[in-house]
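What follows is a short report on a single structure.
All heavy atoms count here, side chains included; hydrogens, waters and symmetry mates do not. Throughout, a chain's letter reflects where its sequence line sits, starting with A, and its residues are numbered from 1.
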Number of protein chains: 2
Amino acid sequence: MPASKMSKKLSIRDIGKELGISITTVSFILNGKAKEKRISEALTEKVLKFVEEVNFKPNMMAQGLRTGKSKIICLMVEDISNNLLFAQVARLIEEEAHNSGYRIIYCSTDNKKEKAIELIRLFRDRSIDGYIITPPEGIEKEIQSLLDEGIPVVLIDRNLPSLDCNHVVIENLNSTNEAINHLIKNGFKNIAFVTLDSDQMQMADRLGGYQKAITEHGLNAYVKKVGFHDSSEQNVNEIASFLKENKNIDAIFFSTNYIGVWGLQAIKSLNLRIPDDIAVISFDDQDLFKFYSPSITVVAQPVPEISSHIIRLMLNALDEKDSEIHKIVLPAKLIVRESSSL
Amino acid sequence: MPASKMSKKLSIRDIGKELGISITTVSFILNGKAKEKRISEALTEKVLKFVEEVNFKPNMMAQGLRTGKSKIICLMVEDISNNLLFAQVARLIEEEAHNSGYRIIYCSTDNKKEKAIELIRLFRDRSIDGYIITPPEGIEKEIQSLLDEGIPVVLIDRNLPSLDCNHVVIENLNSTNEAINHLIKNGFKNIAFVTLDSDQMQMADRLGGYQKAITEHGLNAYVKKVGFHDSSEQNVNEIASFLKENKNIDAIFFSTNYIGVWGLQAIKSLNLRIPDDIAVISFDDQDLFKFYSPSITVVAQPVPEISSHIIRLMLNALDEKDSEIHKIVLPAKLIVRESSSL
DNA sequence: CTTTAACGCTAAATCGATTTAGCAATTTTC
DNA sequence: GAAAATTGCTAAATCGATTTAGCGTTAAAG
């Protein structure tokens with residue numbers, strides 16, 4: 001039998017027995033309360049050394065049961081495989097969470113209210129310590145009840161304006177406005193905006209940025225909305241039809257990266273040349289846009305900054321160092337490439 | 001004070017008290033042991049109804065402490081944000097895991113042995129029930145010690161041949177061989193192969209598939225290896241230099257999707273036309289390849305099949321229904337697009 | 001009519017930590 | 001030198017489940 005199998009997992013009781021002291025003392029020392037509880041330096045050292053030697057790790061379940069804390073953060077995104085942004089955020093917050101002794105479980109809402117509510121209910125009963133959420137519309141009540149219980153919540157990507165809750169979002173309105181103005185400056189006159197059929201904050205703001213630019217320059221608005229839950233094929237066709245019906249459109253803005261992908265397919269299917277027939281800008285950067293021929297101008301989110309704000313907000317809230325509500329709005333960056341000027 | 005805040009969390013003790021029965025009985029009923037323990041149907045019904053009514057959910061920590069099971073599966077990938085494949089797998093296994101009462105925590109190894117070992121050690125001490133791992137080279141001992149303790153492990157994407165362990169991989173050799181033969185059939189004679197500087201199973205097999213085809217047709221081999229941990233820029237430059245030094249290369253195979261992306265950049269930087277100057281095939285499908293101009297031929301992994309095998313293997317092993325080792329090898333599919341024939 | 005078996009349920013131990021309350025010995029205070 | 005305070009440590013309760021061993025009652029067996 002291998003040694004690994006022989007060594008029953010150690011408990012704090014074993015440590016106490018081995019050293020001839022009480023488990024209380026061991027616990028105090030391990031929790032850094034030696035000073036506070038007036039344990040002698042000599043004993044403290046001895047215990048710490050022994051614990052290190054035998055590589056003792058306290059049982060998380062027992063700790064969790066007693067303290068009510070699981071040391072687990074839930075990351076709830078729309079779809080971890082759909083939007084590269086979410087996978088990147090997942091990657092970036094993972095390490096810092098681990099460094100602070102937290103693990104991360106993830107789940108995907110598919111941007112469906114019912115699914116999000118179900119998931120929150122599921123996890124609430126399991127003493128998850130904190131929630132990082134891209135909220136679909138309509139889950140305000142669930143979130144509020146988390147907040148009422150004092151459970152840290154950080155909303156990301158979008159905000160629920162009726163809630164007084166931590167969030168990290170980007171300047172959707174201004175950055176979209178800047179992008180549309182960039183098109184206008186480059187001489188485009190009939191600028192279309194393709195977005196989701198959704199009232200979510202970030203979408204509303206992006207549309208707002210478009211409308212502001214269009215209005216200020218007295219241009220015609222061309223807005224097309226597509227369904228998040230419709231198939232890719234359907235949405236590609238919808239965008240293609242929209243372009244066929246509005247042949248005077250000379251520039252187009254896609255308000256998310258996946259809409260951008262659908263849009264490029266639609267444009268390709270109509271054999272339109274970019275930017276000669278139609279200029280293109282999309283929200284969210286990704287390889288496809290960088291390496292497309294021609295390369296696609298984008299409004300890029302500052303993923304590392306977003307992520308570090310998210311995890312810092314969460315860890316601070318968990319520490320109870322910081323009980324303030326923080327509403328963080330970060331600028332996005334227009335990256336001009338070949339697709340947006342002649 | 002809101003109602004939500006008033007309702008202290010229920011325990012099994014409360015249920016017992018409320019119904020005037022012992023907690024033992026409640027526990028038996030909730031664990032589906034009513035029949036086995038000869039609890040009357042009437043009482044069983046009554047308890048279940050009450051539990052439903054008050055929406056009682058057992059405390060996972062207490063359950064975990066008592067049973068030693070956490071109901072948590074660890075998904076350890078190279079980098080959840082780098083390789084779209086992993087994010088897709090993450091998405092697909094998530095739902096089934098939830099349906100079976102498991103949650104998933106994730107972590108990224110960056111394909112580094114030390115980091116993987118550190119993570120496994122970290123999680124071992126926390127009673128994670130099972131591990132789904134894309135193993136870097138050199139972590140055989142850690143994995144073996146998990147296996148020795150009877151903890152279910154499923155290796156994915158690649159295999160550690162010295163271990164007798166569940167795994168789900170694809171037919172790397174055959175599928176690469178088929179792709180290279182496709183190039184040969186289309187008249188290409190000087191076919192290059194760009195891969196990772198790594199001895200991992202899946203990479204070795206892909207290289208093997210290339211070499212087999214080249215040898216069988218008596219062609220020259222052109223193999224370029226790039227570093228996983230080097231910067232993208234560096235690798236793009238390396239590939240470009242390689243192509244400049246071997247101007248007779250008329251086709252090129254990239255052995256992973258991210259190498260494919262670097263390769264396309266290199267080709268673009270040299271102003272080579274695809275497929276006229278150089279034909280291209282890459283491993284792993286993604287939007288970029290589908291919508292690139294010209295579209296890129298790929299060896300596509302059957303992501304849904306892979307994922308469902310992974311989660312089924314894991315859940316069966318956790319159930320202890322199935323203590324057999326399963327070694328699953330799935331075929332990959334050559335998707336011919338514009339980039340691989342004149 | 002006694003013994004055995006089946007029935008329906010429960011008391012109490014247990015998992016491994018945290019934390020409150022407090023004890024005995026020593027030192028300080030006045 | 002007695003009372004008070006400090007020091008250094010610990011016993012036992014607790015968190016909320018699971019599970020073993022067993023108890024009293026009724027029905028079947030002989």
Counting just side-chain N and O atoms, does [X] come under 4.0 Å of either OP1 or OP2 of [N]?
X       : N      : answer
A:Thr25 : D:dT10 : yes
A:Asn59 : C:dC15 : no
A:Gln63 : C:dT18 : yes
A:Ser27 : C:dT18 : yes
B:Ser11 : D:dC15 : no

A:Ile156 and side chain to side chain contact (heavy atoms under 4.5 Å, CB included): which partner among A:Ile133, A:Ile310, A:Asn166? A:Ile310
Can A:Asn59 and A:Gln63 be said to form a side chain to side chain donor-acceptor pair (under 3.5 Å), step by step? CA-CA 6 Å; A:Asn59 180 311; A:Gln63 286 189 146; over 6 Å; no
Interatomic distance, [X] [atom1] vs [N] [atom2] [rounded to whole Å]:
X       : N      : atom1 : atom2 : result
B:Lys46 : C:dG8  : NZ    : P     : 15 Å
B:Lys35 : C:dC7  : NZ    : P     : 13 Å
A:Ile23 : C:dT18 : CD1   : P     : 9 Å
A:Lys69 : D:dC15 : NZ    : P     : 16 Å
B:Lys33 : D:dA17 : NZ    : C1'   : 12 Å
A:Met60 : C:dT18 : CE    : C1'   : 14 Å
B:Ile12 : C:dA11 : CD1   : P     : 13 Å
A:Lys9  : C:dG16 : NZ    : P     : 9 Å

Taking atom types as they are modelled, is there a donor-acceptor pair under 3.5 Å from the base of C:dA11 to the side chain of B:Thr24? yes
Given A:Asp79 and A:Ser81, is the side chain to side chain donor-acceptor pair (under 3.5 Å) satisfied, shown in steps? CA-CA 5 Å; A:Asp79 179 342; A:Ser81 72; 2.9 Å; yes
Can you work out whether B:Ser40 or A:Lys37 has the more 5'-proximal nearest nucleotide on DNA chain C? B:Ser40
Would you mind telling me which residue lines up with the more 5' stretch of DNA chain D, B:Arg66 or A:Ile39, judged by nearest nucleotide? A:Ile39
DNA chain D: B:Arg38 or B:Pro58, which has the more 5' nearest nucleotide? B:Pro58
Can you identify which nucleotide, out of C:dA17, C:dT20, D:dT18, has its nearest atom closest to the A:Phe28 side chain? C:dT20
Would you indicate whether the side-chain heavy atoms of A:Leu330 and A:Val169 approach each other to under 4.5 Å? no
Counting the atoms with a prime plus P, OP1 and OP2 as sugar-phosphate, which does A:Ile21 contact under 4.0 Å by heavy atoms, base, sugar-phosphate, or nothing? sugar-phosphate
Stepwise side chain to side chain donor-acceptor pair (under 3.5 Å) check, A:Asn159 with A:His167: CA-CA 6 Å; A:Asn159 175 19; A:His167 58 255; 3.2 Å; yes
